[in-house]
Q: 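Sharing a structure here in structure tokens format.
Proteins get letters first, then strands, A, B, ... in listed order; numbering begins at 1 in each.
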Amino acid sequence: MNCERIREQIPECLAGRLDAAARERLVEHLEGCSGCRTEVAELNAVWRAMESLKSVKETAPDPAARARFLEVLEAYRAGMGVAAERPQRRIGWFAARPVWQAAMAAGLVILGVFAGRYVAEPRQESPEVAQLKGQVESLRQLVALSMMQQQSPSARLRGVSYSEQMSQPDRQVQQALLYAVSHDSNVNVRLSAVDALQKFAGDPEVVRAMVDAIPVQDSPLVQVSLVDMLVQVDARGAAPAMARLAVDEQVDEVVRQRARWALNKLGGAR
Amino acid sequence: MGLDDEAIMNEVRTGDVARLEVLFDRHQAGLVRYFVYLTGNRPLGEDLAQDAFFRVLKYRHTYQPGANFRAWLYQIGRNVYADHLGKHKPEVAMPQEAPEIRGSETPPDREFQKKQEALLLHKALAELPGEKREVLILSRFLDMKYEEIAAVLKCEVGTVKVRVYRAMRELSDRFFALSGERAS
């Protein structure tokens, strides 16, 4: 065996991970090769000295980091509970069966005609209750916007999650989420903001902003998340942008692959 | 004895996200050490480890059942570090402060010599290119087997073997150049 192949096994030998047969061959080679003996001596000296560096970094992690993580985990679980209440899966199942769709649509038309004929007056909410609901909603938006401007990433993350729970988030929240997607320094906040934008996906301006945000992202994870969201909301207008992204050498290979998949899903593939 | 990492991660993947707490407790310290070795900055190392666990949570559905959890976690850790470097160029080098030496029974002159040695080695390690430093961190400081490192780096075991040797060779050259001697 040549010296190069033997030397490549030295670190494994020093770590005690070389099997008996390979170790035997190594020793046999060393007996007749002074160059490799010197190599073993040098690497052994450095390998052993590295032990002293090992102890330097082995301080116990900050307990506050654990507490922060558990807090986010709890917030995430709470968010999952909210998401589970949304009937997204049923919509997917329903959309996959055109016969059921047609039958249900016809049923709804008939129901609408009867309802229009026999229900004399629609029930109206009292103005006080409506006003109160409006005030609560405004307060929630204010809290979410304020949290999204905090210095701490975990507070911003909570702000984004909070905005997801609003029934009618306004344009200011929408703009704050779009800003977070493109400019927040924390990747997790950006990822959550992408998720939170789902409820605005009916707005073509939001779709356009999400498409524009992809090339300026420095995180492939966020780029993939944006692509996934565009597919999830069936943003067919994004197909040309996906076609460009699929061949863009500047972006990560994973992102290009995902863009090709998205193009296929959005019906833009030739 | 509790469940292994892979079984727990599978529970997390299928929706029992609270179980991630167990994996956090098992791997946080190692992951923090990985980042501290890479960046030389403990608070930053703790933040990056936190980020990596957030991503495990976020991308739990991409975990392949049965795949080595630690290797998958460190793959995520590498992405977190790459994103960090993308935003904070140039690369953060390890600080050059004198490390503390463990053990009190060493004679004072030998202790001084060991301290000097550790300081030079620390400096040599900080000067290594990032990918060489990383492979040494995984193999020497985190005691990962070559198979596991290959899974983290997404390469062949043979490639890991060559990379570890070359990294050791370069570290050794830099160390002896700084100390002005060669082993005999």
Side-chain angles (χ1 to χ4, degrees), chain A residues 4-5 7-12 14-15 17 38-62 64-66 68-70 72-74 76-77 79-80 84 153-154 157 185-189 191-192 195 218-222 224-225 252 254, chain B residues 15 17-18 20-21 24-25 28-29 32-33 36-37 42-43 45-47 49-51 53-55 57-59 79-80 82-83 86-87 99-102 114-115 117-118 120-122 124-125 136 139-141 143 145-146 158 161-162 164-169 171-173 175-176 182-184:
Chain A
E4 190 63 22
R5 299 296 296 276
R7 290 178 185 193
E8 284 166 4
Q9 295 178 347
I10 296 173
E12 252 180 313
L14 295 173
R17 295 212 180 102
T38 308
E39 184 79 351
V40 169
E42 284 190 1
L43 296 190
N44 183 44
V46 174
W47 187 267
R48 294 198 180 285
M50 286 170 92
E51 191 63 34
S52 62
L53 293 187
K54 225 174 170 181
S55 60
V56 179
K57 313 287 178 188
E58 287 177 1
T59 320
D62 178 9
R66 184 177 191 277
R68 280 200 303 276
F69 179 72
L70 294 185
V72 172
L73 197 58
E74 190 48 47
Y76 193 89
R77 283 179 67 196
M80 278 174 72
S154 58
L157 202 58
S185 59
N186 186 289
V187 173
N188 297 301
V189 177
L191 288 169
S192 294
D195 286 348
D218 57 6
S219 160
L221 281 169
V222 181
V224 167
S225 189
D252 194 276
V254 175
Chain B
V17 295
L20 192 55
E21 183 180 349
F24 183 86
D25 288 340
Q28 183 207 13
V32 168
R33 269 192 291 143
V36 174
Y37 279 118
R42 177 159 286 275
E46 302 227 359
D47 278 357
Q50 188 102 324
D51 255 15
F53 275 104
F54 287 152
R55 289 194 195 185
L57 185 62
K58 172 89 185 170
Y59 293 102
N79 289 336
V80 168
D83 286 349
K87 275 183 282 178
E100 292 294 321
I101 305 297
R102 213 166 26 184
K114 280 190 82 173
K115 209 164 193 170
E117 200 177 77
L120 293 177
L121 190 59
H122 198 259
L125 193 61
L136 288 182
S139 65
R140 182 67 178 107
F141 296 134
D143 295 319
K145 290 182 179 165
Y146 283 3
K161 185 187 281 195
V162 174
V164 172
Y165 167 68
R166 288 185 183 161
M168 275 301 291
R169 180 69 267 153
L171 178 68
S172 176
D173 284 343
F175 174 68
F176 288 117
R182 305 294 296 186
S184 51

Q: Between B:F141 and A:L53, does a side chain to side chain contact (heavy atoms under 4.5 Å, CB included) hold up when you go through it step by step?
A: CA-CA 9 Å; B:F141 296 134; A:L53 293 187; 4.2 Å; yes
Q: Under 4.5 Å from any heavy atom of chain A, what part of B:D47 do you find: side chain, backbone, both or neither?
A: side chain
Q: Which one wins on heavy-atom pair count under 4.5 Å against chain A: B:D143, B:L120, B:V80?
A: B:D143
Q: Name the member of B:Q28, B:Q50, B:E21 that forms the most heavy-atom pairs with chain A at distances under 4.5 Å.
A: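 Answer, by heavy-atom pair count under 4.5 Å with chain A: B:Q50.
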Q: Do B:K58 and A:D195 have side chains that approach each other closer than 4.5 Å (heavy atoms only, starting at C-beta)?
A: yes
Q: Top residue by heavy-atom pair count (under 4.5 Å) with chain A, among B:D51, B:V164, B:V162?
A: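 Top option by heavy-atom pairs under 4.5 Å: B:D51.
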Q: For the CD atom of B:E46 and the CZ atom of A:R68, what is their distance to the nearest 0.5 Å?
A: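 If I round to the nearest 0.5 Å, the distance is 7.5 Å.
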Q: How many angstroms lie between CD in A:Q9 and NZ in B:K161, if you round to the nearest 0.5 Å?
A: 5.0 Å
Q: Any side-chain heavy atom of B:R55 sitting closer than 4.5 Å to one from A:L221?
A: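 When only atoms from C-beta onward are counted, A:L221 and B:R55 do touch, with a gap below 4.5 Å.
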Q: For the OG atom of A:S225 and the OH atom of B:Y59, what is their distance to the nearest 0.5 Å?
A: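 Output value for this atom pair is 4.5 Å.
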Q: Take B:R169 and A:E42 through the test salt bridge (charged side-chain N to carboxylate O under 4.0 Å, His left out) and record every step on the way to the result.
A: CA-CA 9 Å; B:R169 180 69 267 153; A:E42 284 190 1; 2.8 Å; yes
Q: With a 4.5 Å limit on heavy-atom distance, are the side chains of A:P220 and B:N79 in contact?
A: no
Q: Less than 4.5 Å apart, any side-chain heavy atom of B:F176 and any of A:V46?
A: yes
Q: Starting at CD of A:E39, measure out to OG of B:S172 and round the result to the nearest 0.5 Å.
A: 7.0 Å
Q: Indicate whether the side chain of A:E4 and that of B:Y165 have a donor and an acceptor atom separated by less than 3.5 Å.
A: no
Q: Heavy-atom distance under 4.5 Å to chain B: side chain of A:L70, backbone, both or neither?
A: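 Just the side chain, heavy atoms under 4.5 Å.
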Q: Below 4.5 Å from any heavy atom of chain A, which atoms of B:A18 appear? Answer side chain, backbone, both or neither.
A: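 When you check distances to chain A, atoms from both the backbone and side chain of B:A18 fall under 4.5 Å.
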Q: So for A:A15, is it side chain, backbone, both, or neither that comes closer than 4.5 Å to the heavy atoms of chain B?
A: neither
Q: Using heavy-atom distances under 4.5 Å, tell me whether A:R66 contacts chain B through its side chain, its backbone, both, or neither.
A: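 The answer is both parts of A:R66.
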Q: Should B:F53 and A:L73 count as side-chain neighbours, where that means a heavy-atom distance under 4.5 Å?
A: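 With C-beta onward as the side chain, the pair stays apart.
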Q: Distance check, rounded to the nearest 0.5 Å: B:L136 atom CG versus A:W47 atom CH2?
A: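 With rounding to 0.5 Å, CG (B:L136) is 7.5 Å from CH2 (A:W47).
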Q: For A:R17 versus B:S139, what's the shortest heavy-atom pair and its separation?
A: NH1-O, 4.5 Å
Q: Let me know if B:F24 has heavy atoms under 4.5 Å from chain A in its side chain, its backbone, both or neither.
A: side chain
Q: Show your reasoning for whether side chain to side chain contact (heavy atoms under 4.5 Å, CB included) applies to A:F69 and B:D25.
A: CA-CA 11 Å; A:F69 179 72; B:D25 288 340; over 6 Å; no
Q: So, the side chain of B:R140 versus the backbone of A:M50: is there a donor-acceptor pair under 3.5 Å, distance only?
A: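 No, the answer is negative, given that no donor and acceptor are paired below the 3.5 Å cut-off.
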